[in-house]
Amino acid sequence: MEENTNLLSLEDKFMKTFKYYKSNKSKPSLDNVIQLEKCSTEKVTDVTPGSVIEDARAERLGLKSLKEWKVFNLNRHPGLLFIRNPFTALGQRYWIRKCLEEYPRKPNKLNIDIEMNLQDWWDECFRNGQCDRLLQKKLRWTTLGYHHNWDTKVYTEQNKSLFPEDLAELSDILADYLGYSNFRAEAAIVNYYHMNSTLSAHTDHSEINLEAPLFSFSFGQSAIFLLGGKDKSVEPSAILINSGDIVIMSKEARLSYHAVPKILPATEFPWDDQHIEEESSKNPSFKYISNSEDLKSMMRKNEDNKEWERFKNYIKESRINMNVRQVLKEKQDYIS
Ligand SMILES: O=C(O)CCC(=O)C(=O)O
Ligand SMILES: [Fe+2]
């Protein structure tokens, strides 16, 4: 009896759950998948900060008023926080477009670099005026700032490029809002998933600073996200992530095992024309508020359906996740 209990606790419960949701044979039931908007209070606690100061940068970066945000903590996983889509419709388009058109440009690193060294992957996908779907589907990740080294798992000063200013600012707003005012966005992995993609169980422990939270922004199609514990014997919780949702892995949850066993077709499309129209009818001046010429013109361009068409076609069968980390300790300036 004693032996049995031990055996059971050593079982890889994470893998069992992963396989269940990944399975294509029988469509997995979503009964045990936590859906934030439908969730009961035994499973989640509303931990939205009581008093919130607006951030002047939020609107320009495609975020709704901070006063509208709602933060939830999963009771089983202290430190695992969720913010249900705080992005505007234009904001959704802005980040989808950044992840496709700009972030995969050199000097950023891409999974396809070993096979082909492209200066500008997105541009290359449309080189002949037609869309090269095969090339589009090849991109699985791009790294920004300190480049994650998938073999050594070590960040170095030699393997680093400029961290995108807008993504740093977005992370900064979120960090300030959550009370992590010393947070610095120094590395990011942008993950690109197609309908049959998965991400297997792992922990993110390469960063020197493991006290700083990890911010994860998702756009496009939905996903089942699994989060377990410090080892794989802990049965993971399954959570549905939709476009615009932010997951924060902090405190005890920062080093927990997690995975994406399944991409699911989205049931809501907060980037579509209808949402854009609704938004601009509510606030017609929105698009002209930006201080930055670049952002302003991009926001305007995103309203132009011809410009948006290519991104729209990509995102209708894909999910994009921007995973932002601080690498260095609070008072550390570089890796020696
Ligand atoms: O796609 C996700 O939601 C998670 C990605 C992730 O865990 C990572 O990039 O380390
Ligand atoms: Fe991860």
Side-chain angles (χ1 to χ4, degrees), residues 14 17-18 21-22 33-36 74 77 79-85 87 92 95-96 99-100 103-104 108-111 139-151 153-155 163 167 170-171 174 185-207 209-210 212-232 234 236-264 266 315 317-327:
F14 200 106
T17 311
F18 184 90
Y21 285 113
K22 185 186 166 184
V33 179
I34 297 171
Q35 289 172 256
L36 278 185
L74 235 70
H77 306 276
L80 181 69
L81 307 178
F82 275 89
I83 302 180
R84 176 95 171 95
N85 181 24
F87 291 92
Q92 297 248 349
W95 291 106
I96 291 168
C99 288
L100 293 173
Y103 296 161
N108 297 335
K109 302 221 164 169
L110 286 61
N111 67 302
L139 185 69
R140 284 304 315 273
W141 54 259
T142 175
T143 52
L144 318 171
Y146 280 107
H147 298 292
H148 187 259
N149 185 321
W150 304 84
D151 304 319
K153 311 254 186 246
V154 176
Y155 290 105
F163 193 92
L167 185 52
L170 175 71
S171 308
L174 179 62
E186 293 169 327
I189 300 173
V190 185
N191 298 290
Y192 304 86
Y193 298 85
H194 308 296
M195 297 318 282
N196 56 359
S197 308
T198 59
L199 177 70
S200 53
H202 67 281
T203 61
D204 293 294
H205 54 259
S206 307
E207 296 69 32
N209 186 337
L210 294 170
L214 185 154
F215 297 150
S216 164
F217 306 90
S218 298
F219 298 100
Q221 301 306 305
S222 300
I224 296 178
F225 179 76
L226 297 182
L227 189 112
K230 291 252 175 297
D231 59 69
K232 293 197 220 164
V234 179
S237 300
I239 304 123
L240 183 71
I241 301 182
N242 294 316
S243 192
D245 291 352
I246 306 178
V247 176
I248 299 118
M249 289 169 66
S250 70
K251 303 191 178 123
E252 295 101 296
R254 173 65 182 77
L255 286 171
S256 294
Y257 270 94
H258 56 284
V260 178
K262 190 87 184 161
I263 302 298
L264 294 170
I315 210 66
E317 289 174 12
S318 306
R319 168 180 184 255
I320 301 175
N321 172 265
M322 311 192 287
N323 218 276
V324 178
R325 302 106 197 265
Q326 172 163 345
V327 173

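Keep in mind the model is a prediction, meaning the values are calculated, not measured. As the structure lists them, so they are numbered: ligands from 1, and atoms in each ligand from 1.
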>> Applying a heavy-atom cut-off of 4.0 Å, say which part of I241 lies close to ligand 1: side chain, backbone, both or neither.
In response: neither
> Does ligand 1 have any atom sitting under 4.0 Å from a heavy atom of M249?
Replying inline: no
>> I'd like to check whether S218 has a polar contact with ligand 1, where a contact means an N/O of the residue lying under 3.5 Å from an N/O of the ligand.
In response: no
> Do any heavy atoms of W141 fall under 4.0 Å from ligand 1?
Replying inline: no
> Going through the distances and angles, do F163 and Y146 end up as a ring-ring contact (aromatic ring centres under 6.0 Å, His included)?
Replying inline: CA-CA 8 Å; F163 193 92; Y146 280 107; 9.6 Å; no
> Who's the nearest protein heavy-atom neighbour of atom 1 (O) of ligand 1, and how far?
Replying inline: Y193 OH, 2.5 Å
>> Using modelled atom types and a 3.5 Å cut-off, is there a donor and acceptor pairing between side-chain atoms of T203 and backbone atoms of Y257?
In response: no
>> Show the atoms of ligand 1 that are less than 4.0 angstrom away from any heavy atom in R325.
In response: 8 (C), 9 (O), 10 (O)
> Just wondering, do L214 and N323 contact through their side chains at under 4.5 Å, heavy atoms?
Replying inline: yes
>> Under a 4.0 angstrom heavy-atom cut-off, which atoms of ligand 1 come close to D204?
In response: 10 (O)
> When you measure from atom 3 (O) of ligand 1 to every protein heavy atom, which one gives the shortest distance, and what is it?
Replying inline: R319 NH2, 2.9 Å
>> Closer than 4.0 Å to some heavy atom of V260 - which atoms of ligand 1 meet that?
In response: 1 (O), 2 (C), 3 (O)
>> Does the Lys NZ or Arg CZ of R140 fall within the cation-pi geometry relative to Y192 - under 6.0 Å from the ring centre and within 45° of the axis?
In response: no
>> Within ligand 1, which atoms have a heavy atom of H258 less than 4.0 Å away?
In response: 7 (O)
> Considering only protein heavy atoms, which is closest to atom 9 (O) of ligand 1, and at what distance to one decimal place?
Replying inline: N191 ND2, 2.8 Å
>> Show the nearest heavy-atom pair for residues L240 and D245, with the distance to one decimal.
In response: O-OD2, 4.2 Å
>> Could you report the tightest heavy-atom contact between S243 and Q92, atom names first, then the distance?
In response: OG-OE1, 2.6 Å
> Minimum heavy-atom separation for H202 to S200, with atom names?
Replying inline: ND1-O, 3.0 Å
>> Which of the numbered atoms in ligand 1 are under 4.0 angstrom from any heavy atom belonging to N321?
In response: 1 (O), 2 (C), 3 (O), 4 (C), 5 (C)
>> Residue-level breakdown please: for L199 versus ligand 1, do any non-hydrogen atoms fall below 4.0 Å on the side chain, on the backbone, on both, or on neither?
In response: side chain
>> I'd like the atom name of the N/O/S atom in D204 lying closest to the Fe ion (ligand 2).
In response: OD2
>> Evaluate L226 against H258 for side chain to side chain contact (heavy atoms under 4.5 Å, CB included), listing each step before the verdict.
In response: CA-CA 5 Å; L226 297 182; H258 56 284; 6.0 Å; no
> Taking 4.0 angstrom as the limit, do E207 and R254 come out as a salt bridge?
Replying inline: yes
